[in-house]
Protein chains: 2
Amino acid sequence: MAEKVTIYDISKKLNISAATVSRALNNNPKISQKTRELVLKTAAKMNYKQNRLAQALKSGRTNNVGVIVPFINRSFFSSVIRGIEEELSPHGYHVIICQSHEDVDNEIKQIDTLLNTQVDGIFMSVAKTTQDTSHIQKALAENTPLVFFDRKKDVPGLSSVIIDDFKGGYLATQHLIKQGCKKIAHFSGDLSVEIYKNRHQGYLKALKDHGITPLSRFSLQVNSKLESGISAVKELWEFEEKPDAIFSASDYAALGAIQELRKIGIKIPKEVCVVGFSNEPFTKYMELPITSVDQTPFEMGKIAAQVFLEQIESQILTAEKKVVLAPELYIRDSSNRNL
Amino acid sequence: MAEKVTIYDISKKLNISAATVSRALNNNPKISQKTRELVLKTAAKMNYKQNRLAQALKSGRTNNVGVIVPFINRSFFSSVIRGIEEELSPHGYHVIICQSHEDVDNEIKQIDTLLNTQVDGIFMSVAKTTQDTSHIQKALAENTPLVFFDRKKDVPGLSSVIIDDFKGGYLATQHLIKQGCKKIAHFSGDLSVEIYKNRHQGYLKALKDHGITPLSRFSLQVNSKLESGISAVKELWEFEEKPDAIFSASDYAALGAIQELRKIGIKIPKEVCVVGFSNEPFTKYMELPITSVDQTPFEMGKIAAQVFLEQIESQILTAEKKVVLAPELYIRDSSNRNL
DNA sequence: TTGTAGGCGTTATCAT
DNA sequence: ATGATAACGCCTACAA
């Protein structure tokens, strides 16, 4: 059982003061080369390790950051977290993960405990239902930098890294138009959520730019579930005029749509093209791989981390920086008629 | 900018000593009911928050635990982490995540920095190449409980939560035999890794128990990649005598196998049955859903956390507990001939 | 029941 | 260049 060795142990052994030891350890210029080397050598020999807790108490900096996501085991979020971890770890930070379970109350608690444990920064993707931002402003009030990713709120002084969802919606729809589709349906998420609204707007704009008048009946609200895509297709196919393409804001709903379409004997992509959103891992593994819009989660995490580091280093914790990443369309068989 | 309020601020305001305040806050019995209530009320009014850092420095307990996994964005690992987080969070713990990138050197560093930041416990799934365990024993030496999950090492005094990989291999193979398969091939992982060795043993035992003599040519070592499954099938199909089933220790290799089999016109499951391992999300989404062995990662995380909590509460940090969970076979179309 | 004092390990300020 | 001392905020013997 290794007894903890402190700077006092070193100072005693060397008959110098603890302050000197501390200086040697911290590259303080006010110390002779000789003493420094001696201290460093004996510290190593005694297997001395700085006590990060004492350091943190003294300095107020813990070298920990917190990440709050709805659920950590969603492919998108875990990839963002990986990006954050890999960018921050070389700088000596540890990443604490928290889940909101898509619930504002949890979000509030998580922010509270994170601030209480004195994290040096917080990264978060807000819950879908979050409206009020007072809990988020607490971070600002305590001078803890907070960076949003993907799902943000507009809070003055806070930075965000998101993708251009409008562009994602535009790209997907434009691609479908290029495949010759003219009657393009859209499965949107909850339109009160910014990202879904933007995807929808992008869809509408692409139609408009190509002289296609959107049919309001063709915009259906679904949740991110396979079943939701199935029932949406059923609903659409009740009418005489059927779509020749579906752009779904969710890969799961897109998959459900594909299953249902095949079930009723419709050829994909010949009769109907389908495009999803998020580039979930499964989309590329299907026998009929699904075209999807990639949100570059890994990049997003890395960049969010960089924004944080810049703020820390520049000391300007309230430097509101808005990064918008370009989404990437992965064209696969479900919408590719040029095979 | 909220100034931090300490127990001294409260003590001054109330004209009592900081010690009394501390006692009131900590439910110390040696204090009058009246004082306690007064303190509690003013603390709340002044918006007092305990400084966890000071507390940690004093007590040596941080209420942080570390989790080391190869990669955090693998479905299996992120689900285990979710289990750990959800079990520990109600007990006031925060979860720090670290990645080893399947590299022992990183593992060593991660353990070092985790111990250095004084985590109260460590959870880990070792890298595939890890042989030497001296870095792991450090945790033991510093009295920090360490719990393995899924990929363990046998270190006296350390606990582990794993699934019964032998049984998983047995179940999968037995299922294939029940489907009428007699020439069952196995795609194994690196057999020097315990979990893969056990799955292989389970496969062999099931064959033996049903009077089938294993063909050594039918055991191929693959890595967990789609391409690996493709080439394994190519290799198998070069011979005159073809298998009528494949049990793959990896879902990805199973998927590759399926793709290749279909390509050469083989009907699944009629001519060849395929079973994978891990129950990756994509397996159930395929047009031909893939039978797979589920490792119950979420449960695994929760139980690992419980093992940790027991050790902490019982003060017996070296209570070597070995939990073995039962794997679950999810039978799907890729191996189900009774449709 | 309450107060005093010391210490957890470090760093920063002020002397020397 | 080095040493003494205080302080970060809390907890806990020990004393009163």
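So you know, we letter chains A, B, ... as the sequences are listed, proteins then strands, and number each from 1.
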Original post:
Are the side chains of B:Phe123 and B:Val80 in touch, meaning some heavy atoms are under 4.5 Å apart?
Top reply: no

Original post:
Tell me: CG of A:Asn116 to P of D:dC10, nearest whole Å?
Top reply: 10 Å

**OP:** Could you tell me whether B:Asn26 contacts a base, only the sugar-phosphate backbone, or nothing, with contacts defined as non-hydrogen atoms closer than 4.0 Å?
**Re:** sugar-phosphate

**OP:** May I ask you to verify whether the side chain of B:Arg23 and the base of C:dG3 hold a donor-acceptor pair under 3.5 Å?
**Re:** yes

Original post:
Atom CG of B:Asn51 to atom P of C:dC8: distance rounded to whole Å?
Top reply: 18 Å

Subject >> Closest listed nucleotide, where the reference is the side chain of B:Ala19 and the choices are D:dC10, C:dT1, C:dA5 >> reply: C:dA5

Subject >> A:Leu14 CG - D:dG3 C1' separation (whole Å) >> reply: 14 Å

**OP:** Whole angstrom is fine here: how far is it from CD in B:Gln55 over to C1' in D:dT12?
**Re:** 13 Å

Original post:
Are B:Thr6 and D:dG9 close enough that a side-chain N or O sits under 4.0 Å from OP1 or OP2?
Top reply: no

Subject >> C:dT11 OP1/OP2 closer than 4.0 Å to side-chain N/O of A:Gln50 >> reply: yes

Original post:
Does the side chain of B:Asn51 come within less than 4.5 Å of B:Thr6's, by heavy atoms?
Top reply: no

Original post:
Under 4.0 angstrom, heavy atoms only, what part of the nucleic acid is B:Thr35 near: base, sugar-phosphate, or nothing?
Top reply: sugar-phosphate

Subject >> Distance, rounded to the nearest Å, where A:Leu57 contributes CG and D:dC8 contributes P >> reply: 9 Å

Original post:
Quick one: is B:Ser22 getting a side-chain N or O under 4.0 Å of the D:dC10 phosphate, OP1 or OP2?
Top reply: no

**OP:** Considering just the side-chain nitrogens and oxygens of B:Thr20, establish if one lies under 4.0 Å of OP1 or OP2 belonging to C:dT2.
**Re:** no

Original post:
What is the distance, rounded to the nearest whole Å, between atom OH of B:Tyr8 and atom C1' of D:dA6?
Top reply: 13 Å

Original post:
For B:Lys58 and C:dC8, what is the distance between atoms NZ and C1' respectively, to the nearest whole Å?
Top reply: 6 Å

**OP:** Remember a base hit wins even if backbone is also touched, and classify A:Ile31 as base, sugar-phosphate or nothing at under 4.0 Å, heavy atoms.
**Re:** sugar-phosphate

Original post:
Which is true for B:Ile16 with a 4.0 Å heavy-atom rule: it touches a base, it touches only sugar-phosphate, or it touches nothing?
Top reply: sugar-phosphate

Subject >> Nucleotide nearest B:Ser17 (side chain, heavy atoms from C-beta), chosen from C:dG9, D:dA4, C:dT4 >> reply: C:dT4

Subject >> Side-chain H-bond candidate by donor/acceptor type, B:Gln306 with B:Glu310, under 3.5 Å >> reply: no

Original post:
Out of A:Thr296, A:Ile195, A:Val324, which one pairs with A:Ile163 under the side-chain contact (heavy atoms from CB on, under 4.5 Å) rule?
Top reply: A:Thr296

Original post:
Can you check the A:Arg61 CZ to C:dT11 C1' distance for me, whole Å?
Top reply: 14 Å

**OP:** Assign A:Asn15 to base, sugar-phosphate, or nothing according to its heavy-atom contacts below 4.0 angstrom with the strands shown.
**Re:** sugar-phosphate

Original post:
Quick one: do B:Glu142 and B:Lys138 make a salt bridge, cutoff under 4.0 Å?
Top reply: no

